[in-house]
Amino acid sequence: MSERNQREQWLQDLQKRQKNVVFQATLADECRLWRNIGMRTPTSLTWVGLAVIALFVFGFGAVILVMIGRLTWVVALVTLLVFGPTFGLIVWATLRNLRKRESPRPDR
């Protein structure tokens with residue numbers, strides 16, 4: 001596809017998205033966002049961004065617990081043991097559903 005056709009297609013897509021004021025159109029955009037998140041292989045920059053977000057979330061939780069005055073290594077370990085697998089299950093389920101969606105469906 002030529003560069004001009006790609007640009008025109010991009011501009012048309014952009015104009016369509018700007019008109020999304022009804023629920024169905026905004027829902028379609030939301031679905032497109034979540035589908036596109038799992039389509040590409042994660043780069044090192046993606047992993048660094050996820051690590052920064054995780055550091056922020058767990059760091060914020062630790063600061064709150066320190067402010068309360070009850071932070072022990074047990075609480076920090078329990079936090080990691082609860083939220084780590086939870087996020088892992090979310091990633092696993094998302095990837096599994098994306099694989100199911102991409103695989104050809106048998107005839108009914």
Side-chain angles (χ1 to χ4, degrees):
M1 186 179 276
S2 72
E3 191 172 318
R4 183 176 178 169
N5 286 341
Q6 286 178 347
R7 180 168 163 51
E8 288 176 12
Q9 184 180 9
W10 177 76
L11 286 172
Q12 288 175 356
D13 188 41
L14 185 64
Q15 289 172 350
K16 288 178 187 176
R17 290 181 189 200
Q18 287 178 348
K19 295 179 183 178
N20 290 342
V21 293
V22 295
F23 175 72
Q24 293 86 358
T26 56
L27 180 63
D29 279 348
E30 184 85 14
C31 291
R32 185 181 302 120
L33 167 76
W34 290 109
R35 267 196 317 265
N36 289 342
I37 285 176
M39 296 302 269
R40 296 182 181 159
T41 57
T43 63
S44 57
L45 184 60
T46 304
W47 290 114
V48 168
L50 289 173
V52 167
I53 290 171
L55 184 64
F56 175 76
V57 168
F58 288 116
F60 184 73
V63 166
I64 295 298
L65 290 175
V66 165
M67 290 170 63
I68 293 172
R70 297 182 183 167
L71 178 65
T72 63
W73 287 106
V74 174
V75 173
L77 184 61
V78 168
T79 302
L80 287 174
L81 291 175
V82 169
F83 290 109
T86 302
F87 290 131
L89 283 173
I90 291 170
V91 169
W92 172 76
T94 303
L95 292 175
R96 184 189 63 167
N97 287 330
L98 285 172
R99 276 188 234 115
K100 279 184 182 179
R101 187 179 182 108
E102 291 175 356
S103 67
R105 294 183 179 176
D107 292 336
R108 296 179 190 188

Who else is in W47's hydrophobic cluster (ILVMFWY, side-chain heavy atoms under 4.5 Å, direct or via others)?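 Besides W47, the hydrophobic cluster comprises L50, listed by chain and residue number.
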
With clusters defined by side-chain heavy atoms of hydrophobic residues (ILVMFWY) lying less than 4.5 Å apart, directly or transitively, does L89 cluster with F58?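 No; tracing contacts between hydrophobic side chains, which count when under 4.5 Å, never links both residues.
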
Hydrophobic cluster identity match, W92 and L95, side-chain contacts under 4.5 Å: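 Hydrophobic grouping puts W92 apart from L95.
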
Please determine whether the number of non-hydrogen atoms from other residues, nucleotides or ligands lying under 6.0 Å from atom CZ of R7 exceeds 12.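 For R7, atom CZ is not crowded (no more than 12 foreign heavy atoms under 6.0 Å).
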
Going from CG on N5 to CH2 on W10, what distance comes out if it is rounded to the nearest 0.5 angstrom?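 If I round to the nearest 0.5 Å, the distance is 15.0 Å.
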
Please lay out, stage by stage, how Q9 and D13 fare under the test side-chain contact (heavy atoms from CB on, under 4.5 Å). CA-CA 6 Å; Q9 184 180 9; D13 188 41; 5.7 Å; no

What residues, two or more places apart in sequence or in another chain, satisfy side chain to side chain donor-acceptor pair (under 3.5 Å) together with R4?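 If we apply the side chain to side chain donor-acceptor pair (under 3.5 Å) test to R4, skipping adjacent residues, the hits are E8.
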
